[in-house]
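Notes follow the structure.
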Number of protein chains: 2
Amino acid sequence: MTPPSSKLSARRKSRPSFAPLSAHEAELAEFFVRMAGILGVPRSVAEIYSLLYASPAAVDFDQIQGRLGMSKGSVSQGLKFLRDQGMVLSVKAPGSRRERWQPTPSLAASLVTLLRSQVLPALEQSSPSLDRIVQGAQGTQASPAVIERLTQLRRWNARALELFPLMLPPPRES
Amino acid sequence: MTPPSSKLSARRKSRPSFAPLSAHEAELAEFFVRMAGILGVPRSVAEIYSLLYASPAAVDFDQIQGRLGMSKGSVSQGLKFLRDQGMVLSVKAPGSRRERWQPTPSLAASLVTLLRSQVLPALEQSSPSLDRIVQGAQGTQASPAVIERLTQLRRWNARALELFPLMLPPPRES
DNA sequence: TTGATGTTTCAATATTTTTTGAACATACGC
DNA sequence: GCGTATGTTCAAAAAATATTGAAACATCAA
């Protein structure tokens, strides 16, 4: 049954087969996937994070791909996302050029960063719009009730913009 | 040019044409769409809410459809969503069976409800999973570091579950 | 340098989500 | 009660998003 197989010494390229997720690992992944879904983070990203989170040691690219059964492209993109959000860190093994990944120490901090990266741009883009809208409403034909609503909206927007930066220092430049 | 048109009295079915959104209305809609997007609420729903929000008086089904240029199905589903979240209210004109819609007074309260409806189910579903996972990890082969992580995760989950119900009373039954 | 290993890119494909619209229900004014 | 104005449902179409995989690229050990 074994293919014209390896000479005894020709161990080199053995495509190592990777263990599929254990039941508990899979269940944890589902947890992360659900939570990530709320913020629109794709399944593959949540799965990668979950795997690292449940692993006692840093995990390399091939293991991620193998154990999760996903494509190189997805692993690469997923890691990029997590890296950009500051949610994972890489360490390099000594004599190897391969990177090994692990979750950033504080999940809480990671989540704040993630949230900020989703919400802040929306708030910022909206500020000038809201100003224009409120002005437009005040200018001409608009019921006082509507003006009141819009004004409050703008107040909130401004408040949120002030508050957010306080939550944590912004992610460092690369 | 006018088609074999209406007898003078046959005014009945005049398909009233609806004004497209003003520039400011459109800009406000984009604001709501962006914000809604963060939580995965579809564009059509955000547009409907935005229209009501910027309207001095309650708006009926046909106006929503006409001014936003969307299908009946979308309007119906959108209103259902907003209704279920307690984000809009309807009032009925006296001698008409037509409903007219307006936003619920407190946008803040609406947002909390919306958030809860997204997050709570995920938290609840996850509770038993997390218990199992932590137990599994403690049982056998698991590094203390991983056990620590998982335990904290469960702690957070529990905390969030306690906290959420305090934020506002749950939506009333229909 | 060089070549093999390790990673990224991106166009094509698959999947999921949203929207449409016509058929179906409902209830209200007459 | 009837007929129609008013809404809802849901299968199918369209749009948005995620994933794949092969080719391009980068980097380091030799």
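Naming: A, B, ... by sequence-line order, numbering from 1 per chain. Small disclaimer: the values here were computed from a predicted structure and weren't measured.
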Please output the side-chain donor-acceptor pairs of residues 45-57 of chain A that fall under 3.5 Å, not counting sequence neighbours, one pair per line with the distance.
| from | atom 1 | to | atom 2 | distance (Å) |
| --- | --- | --- | --- | --- |
| E47(A) | OE2 | R43(A) | NH1 | 3.0 |
| S50(A) | OG | A29(A) | N | 3.2 |
| Y53(A) | OH | R149(B) | O | 3.2 |
| S55(A) | OG | L51(A) | O | 2.7 |

Looking at [options], which one has an atom nearest to any side-chain atom of [X]?
X      : options                  : result
S71(B) : dT9(D), dT20(C), dA5(D)  : dT20(C)
S74(B) : dT20(D), dT6(D), dT20(C) : dT20(C)
R97(A) : dT4(D), dT19(D), dT27(D) : dT27(D)

Note, [X] side chain near [Y] side chain (heavy atom, < 4.5 Å):
X       : Y      : result
F18(B)  : Q65(B) : no
N157(B) : F31(A) : yes
L153(B) : L28(A) : yes

In whole angstrom, what separates [X]'s [atom1] from [N]'s [atom2]?
X      : N       : atom1 : atom2 : answer
L79(B) : dT6(D)  : CG    : C1'   : 13 Å
Q77(B) : dG7(D)  : CD    : C1'   : 12 Å
M70(B) : dT18(C) : CE    : P     : 13 Å
F81(A) : dT9(C)  : CZ    : P     : 16 Å
K72(B) : dT8(D)  : NZ    : P     : 10 Å
E99(A) : dC28(D) : CD    : C1'   : 13 Å

| task | Can you pull out how bent the helix from dT1(C)-dA30(D) to dC30(C)-dG1(D) is, comparing the axes over its first five and last five pairs, to 10°? | result | 20°
| task | Taking only heavy atoms on the protein side, list every residue of residues 31-69 of chain A lying under 4.0 Å from any atom of DNA chain C, sorted numerically. | result | F61(A)
| request: Locate the shortest heavy-atom distance separating R98(B) from D62(B); write the atom from each residue and the value. | output: NH2-OD2, 2.5 Å
| What's the shortest heavy-atom distance between S22(A) and R67(A), and which atoms? | N-NH2, 4.2 Å
Are [Y] and [X] co-members of a hydrophobic cluster defined by side-chain heavy atoms under 4.5 Å apart?
X      : Y      : answer
I38(B) : V33(B) : no
V75(B) : L89(B) : no
V88(B) : F32(B) : yes

| query | Within the structure, does a side-chain N or O atom of R83(A) lie under 4.0 Å from either OP1 or OP2 of dT8(C)? | reply | yes
| Would one find a side-chain N or O of R98(B) under 4.0 angstrom from OP1 or OP2 of dT4(D)? | no
